[in-house]
Amino acid sequence: MTAAVARGLLQVRLLLSTLTPYSRGLELQDALAEAVARRATPDQLLLVQHSPVYTIGKRGSSRDFRSTPDQIRDLGAIIHSSPRGGEVTFHGPGQLVAYPIVHLRDRQLGARAYVESLEDALIDSLREYGIEARGRVPGGTGVWVGDRKIAAVGVRISRGVASHGIALNVCTDLSWFRHIVPCGFRDKGVTSIAAELGRANVGVEEAAAVFTEALGRRLLYGTLESVGEAIPAVVGAT
């Protein structure tokens, strides 16, 4: 990234007061990505917690489930296809899901460099909690603590604009992951910030603030503007 683009505005939309259905998250991303592609709005960062949902990425399949669809429904979760990369993962309460909507062409970022920036922002965030994590794992996009995955990364790029993003286990009930092969790894585990620290009182809102600052630094935004839960009228969403 050159000095000419090492600035700019990232608008941060914090939608953590309620659980957001996954379908609503897709609608908001699509609308905001269209607006960012037209340069009708600055780059965006959506921060949400989803209602319990298992999402199937482009490389995922029914073979990645250890439970039947009926059993999944009995748990109170749904199954939803997703246009992101990756296999099957879980989203739900206690997990920070961050959707940066970034004009990669304007920021002169390629896909690989962008994904690595997301991983680095997660690693920086976890270091604030005293957790040493790593990314760049061969065949294992995301962020790991030892052989336990603490954050998933999956993006979609269309018309030079990235959407989807990261899912960081903050104080997630990790038993949800027993029903799938998380991200295609049968011999690896999952973890969370709370599990690594040995305490439950880790807030998603706090983690959202830490990640937002880390992402702003990694992508070299000059300004982070918090706009609450408001959705700009230009996207046609209410």
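These figures come from a predicted structure and were not determined experimentally.
- Atom-to-atom distance recorded for E27:CD and Q29:CD is 11.0 Å, nearest 0.5 angstrom.
- The line from OG of S17 to CD of E205 is 9.0 Å long, rounded to the nearest 0.5 Å.
- For the atom pair NE2 of H103 and CD of Q44, the computed distance is 13.0 Å after rounding to the nearest 0.5 Å.
- At a cut-off of 3.5 Å, with distance as the only test, a side-chain donor of T191 or E196 sits close to an acceptor on the other residue.
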Intermediate values then yes/no, side-chain hydrogen bond (donor to acceptor under 3.5 Å, both in side chains), Y54 and D64: CA-CA 11 Å; Y54 293 94; D64 294 315; over 6 Å; no
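- Contact annotation: the side chain of H179 approaches that of L75 to within less than 4.5 Å [non-hydrogen atoms, C-beta and beyond].
- A distance of 7.5 Å separates CG in D106 from CG in D43, rounded to the nearest 0.5 Å.
- Among the candidates V102, D124, L224, L45, the single residue satisfying the side chain to side chain contact (heavy atoms under 4.5 Å, CB included) test with L215 is L45.
- When every heavy atom of A133 is checked against every heavy atom of L126, the shortest pair comes out as CB-CD1, 3.7 Å.
- Distance check: E116 CD to R112 CZ gives 4.5 Å after rounding to the nearest 0.5 Å.
- Annotation for F211 and S125: closest pair CA-OG, 3.3 Å, computed over non-hydrogen atoms.
- Between the side chain of R199 and the backbone N or O of N201 there is at least one donor-acceptor pair closer than 3.5 Å.
- Remark: the Q71 side chain and the R73 side chain contain no N/O donor-acceptor pair separated by less than 3.5 Å.
- Residues T223 and L10 are not in side-chain contact: their nearest non-hydrogen atoms beyond the backbone lie 4.5 Å or more apart.
- Under the 4.5 Å side-chain criterion, counting only non-hydrogen atoms from C-beta, L28 is not in contact with V48.
- Shortest non-hydrogen contact noted between A208 and L16 is CB-CD1, 3.9 Å.
- With hydrogens and angles left out, the side-chain atoms of D173 and S175 include a donor and acceptor closer than 3.5 Å.
- Taking hydrophobic clusters as Ile, Leu, Val, Met, Phe, Trp and Tyr residues chained together by side-chain heavy-atom distances below 4.5 Å, W176 does not share a cluster with L19.
- With R218 contributing its side chain and L118 its backbone, the two residues share no donor-acceptor pair below 3.5 Å.
- When the shell of 6.0 Å around CZ of R136 is examined, it contains more than 12 heavy atoms from other residues, nucleotides or ligands.
- R66 forms no cation-pi arrangement with F177, by the criterion of a distance under 6.0 Å to the ring centre and an angle within 45° of the ring axis.
- Within the 4.5 Å cutoff, the side chain of V181 has no heavy atoms near those of the V88 side chain.
- Residues E206 and Y129 have side chains that bring a donor and an acceptor to within less than 3.5 angstrom of each other.
- With a 4.5 Å cut-off on side-chain heavy atoms, L32 and Y99 do not count as touching.
- Classification of E119 and R134 as a salt-bridged pair fails, no side-chain N sitting under 4.0 Å from a carboxylate O.
- L174 contributes atom CG, which lies 10.0 Å from atom CD of Q95 (distance to the nearest 0.5 angstrom).
- Using the six-membered ring where Trp is involved, H91 and H50 have ring planes that are tilted, between 30° and 60° apart.
- Annotation for A98 and P100: closest pair O-CD, 3.3 Å, computed over non-hydrogen atoms.
- At a threshold of 4.5 Å between non-hydrogen side-chain atoms, the residues V190 and T172 do not count as touching.
- Summarising the geometry of I150 relative to I193, their closest heavy-atom pair is CD1-N, 3.8 Å, with the distance given to 0.1 Å.
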